[in-house]
Amino acid sequence: MQLTYPDGSIHEFPQGTTGLDVAASIGSRLAKAAVAVSVDGAEWDLGRPLPEGGGEFAVITAASEEGRHVMRHSAAHVLAQAVLELFPEATFAIGPPITDGFYYDFWNPEPFTEEDLERIEAKMHDIIAADQPFVREEMSAEDALEIFARHRFKCEIIESVDASEVEGGDVVSAYRNTEVFTDLCRGPHVPSTGRLEAVKLLRTSGAYWRGDENNPQLHRIYGTAWESKKELDAYLHRLEEAEKRDHRRLGPELDLFSFPRDLGPGLAVWHPKGGLMRKLIEDHSRRMHERYGFDFVVSPHVAKAELWRTSGHLDFYAENMYPGMELDSEEEYRVKPMNCPGHVLIYKSSGRSYRDLPLRLSELGAVYRYERSGVVHGLLRARGFTQDDSHTFATPEQLADELVMHIDFVLQWLRDFGFEEFEADLSTRPEKYVGEVPRWEQAEADLAAALDHAGIPYKIAEGEGAFYGPKIDVHIKDAIGRRWQMSTIQVDFNLPERFGVEYTTSENTKARPFMVHSAKAGSLERFFGVLTEHYAGAFPMWLAPVQAAVITVADRHEDYAYEVAGQLKAAGIRAEVDAGSGKLGEKIRKAIMSKTPSILVVGDNDVEAGTAGFRLRGEDEKRGTPIGDIVETLTELGTIPS
RNA sequence: GCCGGGUUAGCUCAGUGGUAGAGCAGCCGCCUUGUAAGCGGCAGGUCGCGGGUUCGACCCCCGCACCCGGCUCCA
């Protein structure tokens, strides 16, 4: 058989050669680092004879993403083996690798406790120490059903395996570790359990079989596995770091916002510092919308139920809407979960001609959505929030340019807040859809063209679009590498239809415009939450609620401190004086802990010379800096993006 | 909504079937300080809410509210 290495070289091997043989022929270190190999993209166990046809060959090492995937999958098996040994009544369902770890779902009469987890983990370490081989076995589906007869979820899987997925048809594979433990699995796996260097169980949770709440609820155990103890520790450290960045912790700590119990779940109040930051963000939003040619509109928070019936929200979105309000002799009213119908009514308030288009309506619109009680999550998933929502009405000819502009706007917006890495999803027509196919196709093509124009990486999510139209979602990568969906641009064929939205063409005929929903920040609450986590609360100068802390060395410097703060404020810098009687170190610490981006210390020498000890976040202090210089530096750093 | 865990002072958390504690924050005083926590004192709690068991419940039981981790990244 012929194998083509990643460097393009071609090598000949006899039939029956295994991945390990090939790796060993390349180098003993590579053979040692290998956990599996791939041939033409398909992964193979190290000890499994390679396919007769050969192909593009690559060694998968433990330190690669693919390698970790294999390792984690194997770790999941070890977890299952441990659980089945310790809990005789348990049956196992599925246990895939996931980002940064793995999980396994079990059915068991009792949920697993913390102590169970420790016992399970200890058992896993025994299994790993025993260095049991993972032996691949292939069998017919009937035989598999017999072997796994006691495990109803495995049987369901076997029955649902599409024969065409497996070469040779009606064959499934399993991996056997011991005489008593084998697990249905496509593979590949590491050669033996001893190859699992660093495995740790993290937590338990409930999970529905196949994610469907109509199915039985299983007990899920999450774990993680890495190629070395060092990597595992680094991962656990990252988890801790992420916890420190948690906006739900930082928000109240920095006095930005809180979720008072008395208010209700998913509902936040903004404190003065957070309120100030929100104002800065909103101001920037308005400035940008203005620059990109949007008009500002306002729509009320409640509307007749009939409006939501017309828009279709009561058909498709009712479970996320607060229940109706009964009013005397009036129709029922509903709190708005979206701004679109209001904007459509503004469009329809007068006859529209092609000369009016594109018409771009924008609103910082507060909406309320009844999120299920288990899913609210700080500002990231709130029940009340404000969207920077806009709706653009355009002719078919204008759509392409409009979408280019929208993407440009979105990226500019995100860059202004310090996000640098983007990735987009283009979601196309799903199976159930409304509207005409040619319109879908035009919109999809125009969206793709806009993405190409913007030059950001994107992938096509086939069939993932909303029933009413295709869309682009823009994701950012934050400071610690997490992805967040931020902005969205969606074409809508449904609402214009439902509301009979039209315009008069140059031929004096009526035509239906394209409607584009877009949100650059999305929910301001969510955007703020992500910003907080991205910066770990240490916001850039232009967003920092307090930009400069002026700290006195001793009481006698208080007057001078206020004088300095006055100069800063006169220059538009948000300065605060800390003239407290504490030690200097204590006051400095307080300023650092509150993530104030600059600190000015004033003492005798400074009063004398008109200077301050000046320190920017993360830098050393510069004693005796003239106040004028400080104002200049802070003004420059605090410039609002434009 | 469902499964699991949790709820004690403003915050972080100890605690026992016999009337509740620490650190930080707050307030007062001393210190007058030159770049990440000076010292002392004071004040602060319906132990989430409601019910039950008990001579007695923060602790045990039941219900509720809220918070946290999850609820296909498809063997």
Side-chain angles (χ1 to χ4, degrees), chain A residues 69 72-73 76-77 80 92-105 108 110-114 116-117 144 148 151 153-162 165-166 172-175 183-187 202-222 243 246 248-249 252-253 255 258-266 319 370-378 549 551-558 580-593 599-606 612-615 619-624:
Chain A
H69 218 254
R72 288 165 185 161
H73 206 164
H77 276 228
F92 56 162
I94 60 167
I98 54 174
T99 305
D100 291 339
F102 60 90
Y103 67 79
Y104 218 113
D105 286 345
N108 194 54
E110 297 296 323
F112 302 110
T113 64
E114 289 273 312
D116 291 341
L117 229 54
F148 294 103
H151 300 282
F153 301 108
K154 291 291 178 197
C155 293
E156 275 191 44
I157 293 164
I158 295 164
E159 279 159 2
S160 68
V161 167
D162 184 348
E165 271 184 39
V166 189
V172 299
S173 58
Y175 282 77
D183 188 2
L184 186 72
C185 188
R186 185 164 45 198
L202 298 174
R203 59 179 175 270
T204 60
S205 79
Y208 296 102
W209 170 237
R210 304 206 158 173
D212 185 336
E213 59 192 271
N214 299 312
N215 285 340
Q217 187 143 24
L218 305 172
H219 302 295
R220 173 170 297 180
I221 297 176
Y222 282 94
E243 208 175 305
D246 194 322
R248 291 166 303 177
R249 172 198 292 256
E253 227 170 78
D255 201 15
S258 61
F259 287 90
R261 302 280 180 273
D262 296 333
L263 208 50
E319 64 179 32
Y370 184 78
E371 298 286 357
R372 297 210 292 178
S373 64
V375 305
V376 295
H377 183 91
I551 295 173
T552 53
V553 172
D555 288 351
R556 63 178 176 279
H557 310 121
E558 190 171 331
S581 63
K583 286 266 192 281
L584 179 60
E586 189 186 342
K587 290 188 279 189
I588 298 270
R589 180 167 196 275
K590 211 168 119 192
I592 290 173
M593 298 292 280
I599 296 171
L600 284 71
V601 174
V602 295
D604 289 335
N605 303 335
D606 299 299
F614 180 54
R615 167 205 265 218
E619 296 183 13
D620 290 334
E621 82 268 16
K622 296 191 184 81
R623 299 271 177 95

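Note that the coordinates shown come from a computational prediction; the quantities given were computed from them, not determined experimentally. Numbers restart at 1 for each chain; the letters A, B, ... are given by sequence-line order, proteins then strands. Heavy atoms only: backbone and side chains are in, while hydrogens, waters and symmetry mates are out.
Across A:A612 and A:V602, no two heavy atoms sit closer than the pair CB-CG1, 3.8 Å.
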Nucleotide-resolved protein contact map, nucleotides 35-48 of chain B, B/S/- at heavy-atom distance under 4.0 Å: BBBB----------

Per-nucleotide protein contact string for nucleotides 58-63 of chain B, where B marks a base within reach and S marks sugar-phosphate only (heavy atoms under 4.0 Å, - for neither): ------

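We find the NE2-OG1 distance between A:H219 and A:T113 to be 11.0 Å, quoted to the nearest 0.5 Å. Note that CD of A:E114 is 11.5 Å distant from CZ of A:R203, once rounded to the nearest 0.5 Å. Distance check: A:H377 NE2 to A:E371 CD gives 12.5 Å after rounding to the nearest 0.5 Å. Going from atom OG1 of A:T204 over to atom CG of A:D116 covers 9.0 Å, rounded to the nearest 0.5 Å. Atom CZ of A:F148 is separated from atom CD1 of A:I158 by 6.0 Å, given to the nearest 0.5 angstrom. Separating the NE2 atom in A:H69 from the OG1 atom in A:T99 is a distance of 7.5 Å, to the nearest 0.5 Å.
Side-chain contact between A:W209 and A:L218: present, with at least one pair of heavy atoms (C-beta onward) separated by less than 4.5 Å. Under the 4.5 Å side-chain criterion, counting only non-hydrogen atoms from C-beta, A:D183 is in contact with A:K154.
Rounded to the nearest Å, the gap between the P atom of B:C2 and that of B:U46 is 31 Å. Across the P atoms, B:A22 and B:A14 are found 16 Å apart, a figure rounded to whole Å.
Annotation: side chain to side chain contact (heavy atoms under 4.5 Å, CB included) contacts of A:R220 (sequence neighbours excluded): A:Y103, A:D105, A:S205, A:A207, A:Y222. Every residue two or more places apart in sequence or in another chain was checked for a salt bridge (Lys or Arg N to Asp or Glu O under 4.0 Å) with A:D255, and none qualifies.
In terms of modelled atom types and a separation under 3.5 Å, the side chain of A:H557 and the main chain of A:D604 share a donor-acceptor contact.
In this entry the distance linking CG of A:N214 with P of B:U72 reads 13 Å, nearest Å. Whole-Å rounding puts the A:W209 CH2 to B:C3 P distance at 20 Å. Atoms NE2 (A:H557) and P (B:U32) sit 13 Å apart, rounded to a whole Å. In this structure, A:F102 places its CZ atom 17 Å from C1' of B:U72, rounding to the nearest Å. Between A:F112 atom CZ and B:G5 atom C1' there is a gap of 16 Å when expressed in whole angstrom units. Taking atom CG of A:D183 as the reference point, atom P of B:A75 lies 12 Å away to the nearest angstrom.
Classification of A:D246 and A:R248 as a salt-bridged pair holds, one side-chain N sitting under 4.0 Å from a carboxylate O.
Within 4.0 Å of A:D620, counting heavy atoms only, lies no atom of the nucleic acid at all. Contact annotation for A:V602: no contact, since no heavy-atom pair falls under 4.0 Å across all strands. Contact annotation for A:N605: base contact, defined as any heavy-atom pair under 4.0 Å involving a base atom. Nucleic acid contact for A:D105: none, since no nucleic acid atom lies under 4.0 Å from a heavy atom of the residue. Within 4.0 Å (heavy atoms only), A:P96 reaches no atom of the nucleic acid at all. Across all strands, A:P97 comes closer than 4.0 Å only to sugar-phosphate atoms, never to a base (heavy-atom distances).
A:S205 has no side-chain polar atom (N or O) that falls below the 4.0 Å cut-off from OP1 or OP2 of B:C3. Residue A:H219 places no side-chain N or O under 4.0 Å from the OP1 or OP2 atom of B:G70. For the pair A:Y222 and B:C71, the criterion of a side-chain N or O lying under 4.0 Å from OP1 or OP2 is met.
Distance from the side chain of A:A554 is smallest to B:U33 among B:U33, B:C3, B:G34. Of the listed nucleotides (B:G1, B:C71, B:U32), B:G1 has the atom at the smallest distance from the side chain of A:R372. Comparing B:G1, B:C74, B:C68 by their nearest atom to the side chain of A:R248 picks out B:C68.
Judged by closest nucleotide on RNA chain B, A:R556 is the one of A:R556 and A:G95 placed further toward the 5' end. Comparing A:K587 and A:R203 along RNA chain B, the residue whose closest nucleotide (by nearest heavy atom) sits nearer the 5' end is A:K587.
The distance between the ring centers of A:H73 and A:H77 falls below 6.0 angstrom.
Enclosure of atom CG in A:D620 is not indicated, since only 12 or fewer non-hydrogen atoms of other residues, nucleotides or ligands lie within 6.0 angstrom.
Base pairing in RNA chain B yields stems of at least 3 consecutive Watson-Crick or G-U pairs, both distances under 3.5 Å, namely B:1-7 with B:65-71, B:10-13 with B:21-24, B:26-30 with B:38-42, B:48-52 with B:60-64.
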Using atom names, set out every protein N or O paired with an N or O of nucleotides 7-9 of chain B below 3.5 Å, distance rounded to 0.1 Å.
none

